[in-house]
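Beneath this line is the structure, given in structure tokens, with notes to follow.
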Amino acid sequence: MQIHTSSFSLPTSTPKPKPFRPIIASSFSISDQDLQSRGFTQHRSSTDLDLDALNTIFARVGFPRRDLTRIRRALDHSSSLLWLSHSKPGEPVAFARATGDGVFNAVVWDVVVDPSFQGIGLGRAVMERIVADLRGMGIVNIALYAEPRVIGFYRPLGFAADPDGIKGMVFSKKNIINRAS
């Protein structure tokens, strides 16, 4: 049997990822300059982030406390990350991160605002910037998990509960059927 290779060709190199193209900052509800004038500093890296302070905010908003080593691993594997500090360097007052394949899909995680800073637009500010980062990478499928009490917060940002009837599924060991029996 003879195979003719003239009808197809293999790529000679892997295509390069799309360059980061940030969304125009004027589309943000609170500009970078406005955040700065209010005393907030934006951070795009977890290098100087006080993980214990972040864990405290998680607990204050009702998330479970997490092992700091595991938080560090999660942050290291995040494709986009933004946190805001106010008066104390390293201590977050607002935080969000996303993970994904870097091409098609991303999931936003851990969107939190310290309760003493809620209601002044910081949650919206971090979400707008995270979504802008992801869209700038060419990612169009952006998902998140939200408790029913905060769904209304995400709707004006372009998120919809169960679009097109899609239902999320969650893996649980207790749902595994023992097929050996």
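Computed from heavy atoms alone, side chains included, the values below leave out hydrogens, waters and symmetry copies.
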Practice prompt. Please work out which of the three classes, parallel, tilted or perpendicular, describes the rings of His86 and Phe117, given edges at 30° and 60°.
Written response: tilted

Worksheet item: Under 6.0 Å from the six-membered ring centre of Phe58 and within 45° of its axis: does the NZ or CZ of Arg65 meet both?
Response: no

[atom2] on [Y] to [atom1] on [X], rounded to 0.5 Å:
X: Ile30; Y: Gln36; atom1: CD1; atom2: CD; value: 14.0 Å
X: His43; Y: Asp48; atom1: NE2; atom2: CG; value: 7.5 Å
X: Met137; Y: Phe104; atom1: CE; atom2: CZ; value: 15.0 Å

Joint cluster assignment, [X] & [Y], ILVMFWY side-chain distance < 4.5 Å:
X: Val126; Y: Val131; answer: yes
X: Ile142; Y: Leu82; answer: yes
X: Tyr154; Y: Phe63; answer: no
X: Phe95; Y: Ile120; answer: no
X: Val108; Y: Trp83; answer: no

Discussion item. Assess whether a salt bridge exists between Arg38 and Asp34, defined as any Lys/Arg side-chain N lying under 4.0 Å from an Asp/Glu carboxylate O.
Written reply: yes

Which heavy atom of [X] sits nearest to which heavy atom of [Y], and what is that distance?
X: Leu144; Y: Met127; value: CD2-CE, 3.9 Å
X: Arg124; Y: Pro156; value: NH1-CB, 3.8 Å
X: Gly100; Y: Ser79; value: N-OG, 3.8 Å
X: Ile130; Y: Ala96; value: CD1-O, 3.7 Å

Judged by atom type as modelled, is there a donor-acceptor pair below 3.5 Å linking the side chain of [X] to the main-chain atoms of [Y]?
X: Arg60; Y: Thr56; value: no
X: Ser80; Y: Arg97; value: no
X: Ser78; Y: Leu81; value: no

Response to the item:
In Val113, Val112, Val111, the residue satisfying side chain to side chain contact (heavy atoms under 4.5 Å, CB included) with Val61 is Val112

Worksheet, complete the sentence: From the list Asp67, Asp50, Leu68, side chain to side chain contact (heavy atoms under 4.5 Å, CB included) with Asn55 holds only for Leu68

Item to complete: Decide side chain to side chain contact (heavy atoms under 4.5 Å, CB included) for Leu134 and Val140; before the verdict, give the C-alpha distance in whole Å, the side-chain angles of both, and the deciding distance to 0.1 Å.
Response: CA-CA 8 Å; Leu134 298 170; Val140 294; over 6 Å; no

Worksheet item: Does CD belonging to Gln118 count more than 12 external heavy atoms closer than 6.0 Å?
Response: yes

Worksheet item: What residues, two or more places apart in sequence or in another chain, satisfy side chain to side chain donor-acceptor pair (under 3.5 Å) together with Asn105?
Response: Asp101, Asn141

Worksheet item: With sequence neighbours left out, what residues match Thr41 under side chain to side chain donor-acceptor pair (under 3.5 Å)?
Response: none

Worksheet entry | side chain to side chain contact (heavy atoms under 4.5 Å, CB included) between Glu128 and Ser27, intermediate numbers included | CA-CA 9 Å; Glu128 288 171 341; Ser27 65; over 6 Å; no

Fill in: Between Arg72 and Ser46: side-chain donor-acceptor atoms closer than 3.5 Å
yes

Worksheet entry | Between Thr99 and His77, a side-chain donor and acceptor under 3.5 Å | no

Worksheet item: For Arg66 and Asp110, what are the C-alpha separation, side-chain angles and deciding distance, and is it a salt bridge (charged side-chain N to carboxylate O under 4.0 Å, His left out)?
Response: CA-CA 12 Å; Arg66 301 171 183 172; Asp110 302 327; 2.9 Å; yes

Worksheet item: With a 4.5 Å heavy-atom cut-off, do Glu91 and Asp114 have their side chains touching?
Response: no

